[in-house]
Amino acid sequence: MKRRDVIQAGATALGLGFQPWGRAQAASTLKPGKPYAGTELSLLTVVAPQFKAHEAKLADFEALTGIKVKYQYVPFASTREKLTAELVAQGAQYDLLSVMDVWGPSLYNLFDPINARLAEKKIDMVERYPHAHLRASRDGNGDGKNILGMPIRGHVQLMFYRKDVFAKLGIKPPTTWDEMVETGKTIQAKTDLSGVAMYYGKTGAQNLMIWFNYLWGMGGDLLDAKGQPAFNSPQAVAATQAYVDVLLKHKVAPAASVSFNESDAANSMAQGKVAMYPVWWWRYAGLVDSKTSTLKPDQVGFAPLPSMPGKESTTYTNTWFYGINKNSKKKDAAMEFLAWISQPEIERSVLLDTSLNEVVAMQTKNLIDGDVNRRFGGMHLFGAQALKGAKGTPLFPQWAQVSDLLEATMSELATGNTQVKPALDQAAARARKILRA
Amino acid sequence: MFPMRRIPAHWLLLAPALLFVAAMALFPLAYSFVLSFREWKLARSVTPGDWVGFQNYWYLLTDDPDFLEAIQVTSVFVVSNVLATLLVALGAALLLNRAGRINTIARVLLILPFVMSPALVGISFRFFLNGEYGIVHHLIGLAFPSMVDTIWLADSTLAMVAVVAADVWHWAPYMTLVMLGGLASIPKETEEAARVDGASAWAVFRDVTLPQLLPVISIVLVLKTVFALKAFDIIYTLSNGGPGRSTQTLAYFVYETAFNYYDMGYAAAAAYILTAVLLVASGFYLRLVFKK
Amino acid sequence: MTAIAHPDATAGYQASAREQATHWVRQLVVIVLISAILLPIAWIFLTAFKTPRDVYSISSALWFTPTFENMQTVFRDPWNLGSKIVNSLAVAGGTVLLAMPMATMAAYAFSRFDFRFKQAIFLIVIASQFIPAAVVVLPYFLMFKEAGMLDTRTALVLVNLSIVLPYAVWMIKGFIDAVPMEIEESAMVDGAPRSRVIWEIVVPTALPGIITAAVFSFTLTWNEFLFALIIGKQHALTLPIGLIGFRTERGDLWELMAAGGVLITAPMFLISLLVQKQFVGSLTAGSVR
């Protein structure tokens, strides 16, 4: 074992939150002398293993600063409602709030920009975070000057596949979407597994997540340069057709995919019913945990998402950030917390914690870290690569409505009861009206 | 001392409930009603925006295909839901209105579906119907081989059936209890008298039981209509309004508009259109009920 | 052939073949009914004791290694179902205790008296519940915020009281309507004060109705979700919030939800057994021999 590994093991065994040599750096982002000792902060967040891992380290933070942070968990399915109530009441029920990028633009008014505070702490956001994640915390549809929070949870998409099945059949993970269909056909011919777990059901815009890859890969886009709906352009129609054809024409997805949401598809993979599953990287833990899956770690491989032939992969990302409530009376203390929790060392220690299978990382430094990649077989280098060409969720204010419209359209298209072009044309007409408002 | 005798008895009796409801509900109702005449997009501004008169209402009724589709979906959902519940409840109540071990067991179980959270019912039914591991999907496939590949939630009709079935499962047993209570209040003497006179069971039911059950039936009818119109959690968790928008009812529409699109004024207007319909309907109902 | 006593029969009456057949058919239908109610509940019960891996598979539908982990997990952080159940019981119980007297008095007034605007007032009381909750929950939030009552169980009782009162009044009125007025009138002619008449004559006769309304109010409050979500934060979280909490980013954690479902069903079953005695009581009192 390398010396570094020994120290790491020792540190973990002692329950230390982060690497010994990183500690000095950690402390320097905080103001000396515990100026906010005795403050209590309230953070609205959702239950996620990553956040639970963070919560376990709060004792360290309190020891360093005297600030007590209380994680108030809100059901993930109801976070929007709580944020709306906060927004309407202009209250300070919570000092810090977690927001997912798809809700972001509508909730910008909740937060105070932290640009000045970041400068004070000498935190270089551009160096720290890949552009695709950082834009989610900016205003102005991702291009604005103001940074509204610290990105804290970010995802890229990967293709998970059955390493054992592929090895037995002597095939490799597909590099293009067409290859994926061919691979799927081979698998269905030679085994009793289905090819790829797609999810076309209507739940929280999940059926758009892979669709975006087809759309952008084929040169289409949601909106054109003038901000008008462009998802019924010839490229977009072709992309959508290819997307639903995985089920309808090629039949390499399980029949039930038509009503699957993302977690149904995960279960299908975990039950060993399907050989490929394109999804967020954090699904990895659930696929290899014996409590939730029939698969063992050496059965689950991952590869970058397929792309269009000859083109770079154009994955879609998802980002959460923590922001400071505009009406909070404890903003300075809140910033201390933000600075501390977002340190690369903290993210790294969670990644290397062997009692967890947590893969979520969003800071560039950690994505290319040797130890992290050694542990997860290079997943994070894939991630870093994918993030280069990645586009995040659209960040215009009416996105919620447009996304709802598209998601309904996709779920209907997957049933085979409507045709792609007329459905997209109709959706575009409706979107035009929505965007006018 | 305030002369209590001067205040008519009925006001004293009414006061607690009336004053309480007025005190609690007045502000929220007034607030949301006024809001329906303003434009308020939370994404743009934290406070309500301009006054737009009836514009929200106008758009909803003339320019919003989603709203109109929601009305259609709601009609189908409510009518089938209420009818099914009524028939099941009445039938079950008549069946269980006797002594007997099995009947007692059944009566004890009747409350259980109702106390399950609608979200739990919705999610459970969703899992029951899952194409890969759903038990109901599996059993139906065994009983009707042609349906072994049917994905319930991918078909607009079947999804509606599923949603109605879930809501009927949730409510009908409880409504049976209500009906049983109603049957219990009917003096048995009149039924016996008719039977002794030689009337058939059906005639006894039609001419004696049913008329005396009418108040309870109307309670069940109206109650179920109101709750069917407000049903949200069960649909949200079962089908998410899909496939497409085929199970997106008005209640769903209002919720989405408020908490997803953050279009508060518009949502309020939609809510009050729904309320207006209910008000008119119940106006008719009350005329019936208050006629002595 | 053994004689099956017809439930409405007098002693010595022998059931005809057709009546026997009807009896068995009735029993069969009742069994089908029971199954329809029980099967989903039984399935939820089974799910509560499965690991997630076994939940999502037909092959392990009935054959699986049971685990108590779900039942334990739901009581721990971050779910804390235990305190949520206690809150739900407190809020629902408080609401019912306050609602029943208020509703019974109001229902009596609507039933027995004639006064101006009676229909309008009745309609307005009921109509307060026609508005979808999504649209009124935020004004309620603002109200409680001003009163400094956010995140309190009292606030939830107040909200739920305003929700259930219209239905309770309505239901109880329906049952009081069915009771003939003659008994009360003769009692009052005999000099009894109205309050005693209500307490000693009307309430007992309309008891099935009051119990029905109580059960309804309890359940409505028990299942109420949106107001509890918006008004609660830490101390006033109820069971439905706990259940929705199992809808995570990872998907619906059905095994944990099912465990929650088990925790709901068991006590409710017991309560129903208790209340059942009332129903059977009223049934045997007036009807079956």
Side-chain angles (χ1 to χ4, degrees), chain A residues 42 44-52 55 70-82 84-94 100 153 155 199 203-204 206 260-273 280 282-283 285-286 289-295 318 320, chain C residues 50-60 64-65 67 69-70 73 76-80 84 133-135 137-146 148 150-151 225-235 237-238 240-257:
Chain A
S42 155
L44 182 154
T45 187
V46 297
V47 175
Q50 182 199 16
F51 295 154
K52 294 247 66 189
E55 198 186 9
K70 220 163 177 319
Y71 272 37
Q72 309 277 17
Y73 289 108
V74 157
F76 171 72
S78 313
T79 319
R80 256 182 356 208
E81 287 84 339
K82 290 297 268 186
T84 311
E86 270 296 273
L87 189 57
V88 166
Q90 289 286 280
Q93 289 285 299
Y94 305 93
M100 191 162 79
R153 184 171 172 78
H155 306 310
Y199 28 103
T203 306
Q206 287 169 352
F260 271 1
N261 58 27
E262 192 187 283
S263 69
D264 293 328
N267 285 324
S268 192
M269 178 83 179
Q271 291 293 324
K273 295 233 160 74
W280 306 109
W282 57 266
R283 286 269 173 201
D289 182 346
S290 65
K291 275 200 259 170
T292 50
S293 170
T294 61
L295 303 178
N318 178 255
W320 290 73
Chain C
K50 293 182 182 171
T51 59
R53 192 188 60 201
D54 292 330
V55 170
Y56 301 112
S57 150
I58 276 284
S59 52
S60 53
F64 59 93
T65 327
T67 168
E69 191 167 334
N70 297 331
T73 311
R76 294 197 211 112
D77 265 341
W79 316 113
N80 295 320
K84 298 196 168 84
V135 151
V137 68
L138 287 176
Y140 268 101
F141 179 73
L142 293 172
M143 240 168 49
F144 284 117
K145 178 167 174 287
E146 287 306 301
L150 280 181
D151 202 25
F225 170 68
L226 192 55
F227 287 99
L229 172 73
I230 299 289
I231 294 174
K233 180 177 158 199
Q234 203 186 330
H235 305 290
L237 294 174
T238 56
I241 312 290
L243 287 176
I244 293 284
F246 298 126
R247 312 197 77 199
T248 64
E249 201 183 23
R250 197 153 42 95
D252 296 333
L253 305 180
W254 196 30
E255 69 280 0
L256 293 178
M257 261 213 186

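Numbers restart at 1 for each chain; the letters A, B, ... are given by sequence-line order, proteins then strands. Model, not experiment: these values are computed from the prediction. Just so you know, these numbers use all the heavy atoms, side chains as well, and skip hydrogens, waters and symmetry mates.
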So which residue, [options], ends up with the most heavy-atom pairs under 4.5 Å with chain A?
options: K145(C), Q234(C), R247(C), K233(C); value: K233(C)
options: G251(C), G245(C), G232(C), P78(C); value: P78(C)
options: A134(C), S59(C), G242(C), P52(C); value: P52(C)

Practice task
Test side chain to side chain contact (heavy atoms under 4.5 Å, CB included) on K50(C) and W254(C) and set out the steps.
Solution key: CA-CA 10 Å; K50(C) 293 182 182 171; W254(C) 196 30; over 6 Å; no
Non-hydrogen atoms of chain A under 4.5 Å away: do they reach the side chain of [X], the backbone, both or neither?
X: E255(C); result: neither
X: L150(C); result: side chain
X: D252(C); result: backbone
X: L229(C); result: both
X: F246(C); result: neither
X: Y56(C); result: both
X: L138(C); result: side chain

Toward chain C, the part of [X] with a non-hydrogen atom under 4.5 Å:
X: A270(A); result: neither
X: S293(A); result: backbone
X: V46(A); result: neither
X: T79(A); result: neither
X: W282(A); result: side chain

Practice task
Tell me whether the centres of the aromatic rings in F227(C) and Y140(C) are closer together than 6.0 Å.
Solution key: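 Centroid distance F227(C)-Y140(C): below 6.0 Å, so yes.
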Handout entry: Over 12 non-hydrogen atoms of neighbours within 6.0 angstrom of CZ in R250(C)
Key = no
Practice task
Mind ranking E262(A), Q93(A), E81(A) by heavy-atom pairs under 4.5 Å with chain C and telling me who comes out on top?
Solution key: Q93(A)
Exercise for the section: Could you check which of V74(A), D289(A), V47(A), L44(A) has the highest count of heavy-atom pairs closer than 4.5 Å to chain C? Expected result: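 It is V47(A).
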Between [X] and [Y], what is the shortest heavy-atom contact and its length?
X: F141(C); Y: A85(A); result: CE2-O, 3.4 Å
X: Q206(A); Y: N261(A); result: OE1-CB, 3.2 Å
X: T238(C); Y: A228(C); result: OG1-CB, 3.4 Å
X: T45(A); Y: Y71(A); result: CG2-CD2, 3.9 Å
X: W79(C); Y: T248(C); result: CH2-CG2, 4.0 Å
X: K82(A); Y: I230(C); result: NZ-O, 3.7 Å

Handout entry: N-O pairing of E249(C) and R153(A) below 4.0 Å
Key =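 R153(A) and E249(C): salt-bridged.
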Problem - No-hydrogen, no-angle side-chain donor-acceptor test under 3.5 Å, N70(C) and T73(C) - result: no
